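In what follows, a single structure is set out as structure tokens and then discussed.
Order of the sequence lines fixes the chain letters, A, B, ..., with proteins taken first and strands second; residue numbering starts at 1 for each chain. Small disclaimer: the values here were computed from a predicted structure and weren't measured.
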Amino acid sequence: MNLTADLRKRLETKPILLMTHLVLGYPSLEVNRRVIRQMAENGVDCIELQIPFSEPMADGPVIVRANQEALNQGIRVKDCLAFAEEMIREFPQVNFLFMTYYNILFRFGEELFIQRAAEMGMKGLIVPDLPPEEGETYLRRCREQSIAPIMFFTPTSTDDRMREVADHGDGFIYCVARKGVTGKQTVMDASLAGYLERCRKATDLPLAVGFGISRREDVAMLEGRADMAVIGTATIRLVDELGPDAVGPFIGGLLG
Amino acid sequence: MNLTADLRKRLETKPILLMTHLVLGYPSLEVNRRVIRQMAENGVDCIELQIPFSEPMADGPVIVRANQEALNQGIRVKDCLAFAEEMIREFPQVNFLFMTYYNILFRFGEELFIQRAAEMGMKGLIVPDLPPEEGETYLRRCREQSIAPIMFFTPTSTDDRMREVADHGDGFIYCVARKGVTGKQTVMDASLAGYLERCRKATDLPLAVGFGISRREDVAMLEGRADMAVIGTATIRLVDELGPDAVGPFIGGLLG
Amino acid sequence: MTENSAQKGYYGPWGGAFIPEVLHQTFAELNLAYEKARADESFWQEYVRLMGNYSCRPTPLTYAENLSNHFGGARIFIKREDLNHTGAHKANNVMGQGLLVKRMGKKRVIAETGAGQHGVATATMAARFGFACTIYMGEEDVARQRPNVFWMEQLGAKVVPVTDGSKTLKDAINEAFRDWVARMDDTHYVLGTVCGPHPFPEMVAWFQSIIGQEARSQILEQHGAMPAAVYACVGGGSNAMGIFQGFTNESGVDLVGVEAGGKGIHTDQHASRMTGSRAAAGVAQGYKTMFLQDEDGQMLDTHSIAAGLDYVGISPILARLGDSGRVRFEAATDDEVIAALQLTMRSEGIIPALESAHAFVQAFKDAPKMNRHDAIIINMSGRGDKDIFTIAHAFDDPSWKRFIIGRGDEYRNSMLASQKAKD
Amino acid sequence: MTENSAQKGYYGPWGGAFIPEVLHQTFAELNLAYEKARADESFWQEYVRLMGNYSCRPTPLTYAENLSNHFGGARIFIKREDLNHTGAHKANNVMGQGLLVKRMGKKRVIAETGAGQHGVATATMAARFGFACTIYMGEEDVARQRPNVFWMEQLGAKVVPVTDGSKTLKDAINEAFRDWVARMDDTHYVLGTVCGPHPFPEMVAWFQSIIGQEARSQILEQHGAMPAAVYACVGGGSNAMGIFQGFTNESGVDLVGVEAGGKGIHTDQHASRMTGSRAAAGVAQGYKTMFLQDEDGQMLDTHSIAAGLDYVGISPILARLGDSGRVRFEAATDDEVIAALQLTMRSEGIIPALESAHAFVQAFKDAPKMNRHDAIIINMSGRGDKDIFTIAHAFDDPSWKRFIIGRGDEYRNSMLASQKAKD
Ligand SMILES: Cc1ncc(COP(=O)(O)O)c(C=O)c1O
Ligand SMILES: Cc1ncc(COP(=O)(O)O)c(C=O)c1O
């Protein structure tokens, strides 16, 4: 089943889905493994596995530092791929996606990377610095390999642009809740609500939204407005402060 | 008797005359007094009393520092005048001259300064930064007060320039032995001898020459070539090192 | 990525605009404003007037007679970008972008800076145009380049030390992009060189082309013929692109870009992308070019005695001109740079920036092999007095060290004293 | 002295050539060479060409729109001598004298310097012309102005610290004269300002008149009329004379010379000769003018935040123009200077030298009282980045202090380490 179909199916029984995120190799693959288990066992629908890059231009400070730490400890792209493969095997109930910057694909070989990802059962790819204009071959290859190239909507996107972008995308649309990088708190106000309405009108794909979600109320606020809540930096902070075992209860709490 | 006549008279009985120099107030007027006594009692013919100035442009390092030290200790122009008057009274056998820079006269009042100097019995004035072109009033007033304005010959002076300068001068001509400032050693060579011959041809006035004279031989070398040997920095150094009482024997030794 | 290299913003396989979606609209507007300005002759006239009135363009092309005689080969001419206001060619680009920002109606500018030269230039432009200004600068560079930080602050800019990554230029660029994606509405990012996403390479090259335009007519006037070669140092590549554009169509003119050879291109302490073997094609900081990176695509640490050349990427336009053979690339080591700097100071009374001195190195290698009827031009991108802390350090000048130690002690004592007074 | 003030080299009662007899011939030759050059149109053309090709003349006249709006009065224009090679108007004088030295066939130049600006300019000229070069600099100034000393040495000059007197500028002048009287045959003394014995005031004023010539035609072109006033700081007076000469015949133009008010002209820490009451007519350093001196004629210690204004005398030409009322003299205090500097940096992105900032102070006092159809010109004699040690100190910048302390500690440790290695 492709990602979109899978998400639609899950939405039949849940008011909102959950996607979590982690940086591979931060603080270690061992901890990653334990965190993923907690996530999977607490009903997370999708997990973004970020392959570290030295120039994480679109990320906020917490994730930037995690990228760097992971690289300092010597994580390699091939370690990330092997680890991801293992997780996909171990947690078939979760949709895994790779999140990384384009240079990682490019240096690995765009075609080869997409093929490897598809073969291991990866459901989608999130590449924030690859707009559709630069991604012609990438998009074609994703289609060929039936892996979802996740596209972005942003508050600065015009309606036309949203439609154009959505046409290239698959799986779901990552709706950036506000201007700026990851990791900052946002509130649900009229402008955000209006933005999400515009997103909804522009595409049939599920909408994923994250904006510093850390409590049940944050997730609840999204119900009816979006299809999936994205937990970004919150789990990284949690693991830093309380360790991997705190993740399960946290995720559980989010779903009320 | 004017200065020139006095020097001519002395030359009748001596092969060469002696002029010494000191900086008033360095190291103190008290020491100056003892030094001058030593000089006078050992047969010095002329003594240059240098009134300190903050910008002794034409002096070498030893005299520059003496000027400065004297000023640092608070010596004033009026102290210098009073002291000079006292010395003239006490040592009538010596021809005293003021040596200083033009600003000292200028600030005191050129006319007043020349008049005061003449009245106290000062025989001449040596002002190294006042060329005849700038000294019209100065030269006139010296003539009026019968005080000798000492002029300079230098190795760079042309014969014409020497004659021109000598026309303005009186007392004697101060022949600068070589380019550069005071206090450096020079040797009697063909070029210096030739220069002194040129000096002699350019004027009838007595010629005074100094070039770091510190031994009997230095003085002897000048005999027949010049009329007066000038002892500049040597006595200052001597007083610094051995005290005022060393001056007498030193002067005595110079005359052999 | 597209395989159609004739696409706007591409130079052969290099270039593009690898930007986050949130900047799509911002770049659309920037492209529009830039294209309009470029099509509007009065814009360029206004730019030339501004540079003539506020900086001192045209900058002279100085004949270096003593150096020419010293080497006995080609006649050496020096294009004097050091005489620009703020002391380097960086002024051309920032003032041009300043005019564009005014047209776009934005009120705030941000910029990255490594050596601080582009930061000072941007802070200057912002003061002059009345824009708010924030400068991102790697924490290491903040520490190394304190004088420039001081001036930026005095000029009214906020200098933000970047503590991520290698804490140098590339990290400052990332951080500037992070600022931009949060405040694109009122803010323009004044990129400092011919790199980054389209339209920056093309736009910055356009503003810097004023160097080449002037140099071309000056050499014709002074030498009566095209030069045999033109030398420029290459960090991002803006001063090189600036002067090369005056001569790219003259196939007889050897265009030579000189990269930072650091401790030698066979060591891992340099910043040579087109020479040496540490660089490979990659995509980062919004564009595709040759980057100094490892097999995974992680950017490498770079080194140069010249902070302004200490950068992982290179202009996509220059990468293309290198591929096609139109531009020859060479590298100059730190030691060669110091020697060329000393010779130039003593021979001509001219103090090149450490960056610029790289161009001098290669010119000095080539000049003796040429004839007296050949002329060569060295682009002196900036003046070296900004580099006193680095140069005095490199020369290991003991009086300088004693001076700094003495000053430091004075400050320490006065700070301790005021500390005590407070307690 | 002569009472005939119409004599060559006199300006009313001021000027003259109070030189030791040993320099008579040297001055005769210098006068001859100067008069010949002055009568020879091609000499001036060569000079203008040199300044256009090696420095960047004509320097711009920049309209300071933001400052004009800030004060709401006169339109403020800034003559940009800071854009000269070496960063100040001093370049004009030294390059002119360099040409003359070449004509005279001499092979060595000497100069005094206070702030180091004239020393750097002279060392630069010497490098360019291939002359040997010795710079005299008060020991205190050597200690305070280490960066300039470093550059002079790198440019190939020998810097001699002068330990006499107040160990500052005036003592360096005395020492330069002492050198000259020993080596006049092969040596020319490049005096740095419009002071000293004739022909220096006239000659330096002539070379600097290039500023006023340019400014005059530039203001006519940009403003369409003569300015209401022209402001210049006055140390020796060379930049002031330079720009004033473009306007002395225009009786409607208020010419304003601004002296160093230091801690206030009612204190004894300033360097104001024409304002305040500490100066009197005197003769020193080879010429007659108003000197800061005591009743006996001993020169006083002076103070200014700007090393280049910290001098006991003033140009005899300016003294005359002050007497006649043609030039109005004002003083600016250290504190006013810092405030004007800050405002100018933030408003226009321009960093005046501390010296130049004195002129800005008075212009800022007067501008608000004028109308929008009035223009005023401020002569910005030099750029302020040379003054970083002084300015950062005056601004009491804590990061700067920490930077210097850190560097000092680094140097101390490395020196100790290499000491140990030797033991
Ligand atoms: C003086 C100078 N030259 C050259 C460069 C390198 O930049 P680019 O290659 O863009 O000219 C810099 C960068 O800071 C610089 O300051
Ligand atoms: C920048 C600058 N302005 C002004 C002066 C003062 O000199 P003047 O009065 O001769 O112009 C100096 C002297 O060093 C200087 O460096």
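Between chain D and the options C:Gly87, C:Gly156, C:Pro147, the largest number of non-hydrogen pairs under 4.5 Å is found for C:Pro147. The most heavy-atom pairs under 4.5 Å with chain D, out of C:Thr86, C:Val149, C:Ile391, come from C:Ile391. Annotation: maximal heavy-atom pairing with chain D below 4.5 Å, among C:Thr124, C:Val120, C:Ile78, occurs at C:Thr124. Ranked by non-hydrogen atom pairs under 4.5 Å with chain C, the options D:Arg412, D:Gln154, D:Met345 are led by D:Gln154. If you tally non-hydrogen atom pairs under 4.5 Å between each of D:Tyr63, D:Trp151, D:Phe395, D:Phe129 and chain C, the highest count goes to D:Trp151. Of the listed residues (D:His393, D:Arg402, D:Lys386), the one with the most heavy-atom contacts under 4.5 Å to chain C is D:His393. Put simply, of D:Lys401, D:Glu65, D:Arg57, the one with the most heavy-atom pairs under 4.5 Å next to chain C is D:Lys401. Counting heavy-atom pairs closer than 4.5 Å to chain C, the top residue among D:Thr59, D:Asp385, D:Asp397, D:Asn66 is D:Asp385. Chosen from D:Ser414, D:Ser347, D:Gly130, the residue pairing most often with chain C at heavy-atom distances under 4.5 Å is D:Ser347. Between chain D and the options C:Gln218, C:Glu410, C:Arg383, C:Gln342, heavy-atom pairs under 4.5 Å are most frequent for C:Arg383.
The two residues D:Asn53 and C:Leu61 have their closest heavy-atom pair at ND2-O, 2.6 Å. Considering all non-hydrogen atoms of both residues, D:Ser399 and C:Arg146 come closest at CB-NH1, 3.0 Å. Of all non-hydrogen atoms in C:Leu155 and D:Ile350, the two that sit nearest each other are CD2-N, 4.4 Å. D:Arg346 and C:Ala127 make their closest contact through O-CB, 3.4 Å (heavy atoms, listed as atom of the first residue, atom of the second, distance).
Inter-residue side-chain proximity for D:Ile404 and C:Ile404 is flagged as met; some heavy-atom pair is nearer than 4.5 Å. Under the 4.5 Å side-chain criterion, counting only non-hydrogen atoms from C-beta, D:Phe403 is not in contact with C:Phe150.
No donor-acceptor pair under 3.5 Å is formed between the side chain of D:Arg407 and the backbone N or O of C:Ile405. D:Tyr54 places no side-chain N or O within donor-acceptor distance of the main-chain N or O of C:Pro60, the cut-off being under 3.5 Å.
Interface residue C:Met415: only side-chain heavy atoms are found under 4.5 Å from chain D. Only the side chain of D:Gln222 comes within less than 4.5 Å of a heavy atom in chain C; its backbone stays farther off. At a 4.5 Å heavy-atom cutoff, the contact between D:Asp82 and chain C is made by side-chain atoms alone. Residue contact with chain D, scored on non-hydrogen atoms closer than 4.5 Å, is absent for C:Ala126. Of the two parts of C:Arg80, only the side chain, counted from C-beta on, holds a non-hydrogen atom closer than 4.5 Å to a non-hydrogen atom of chain D. Of the atoms belonging to D:Ala157, not a single heavy atom falls under 4.5 Å from chain C.
Below 30°, between 30° and 60°, or above 60°: for D:Trp400 and C:Phe389 the angle between ring planes is above 60°, a perpendicular geometry.
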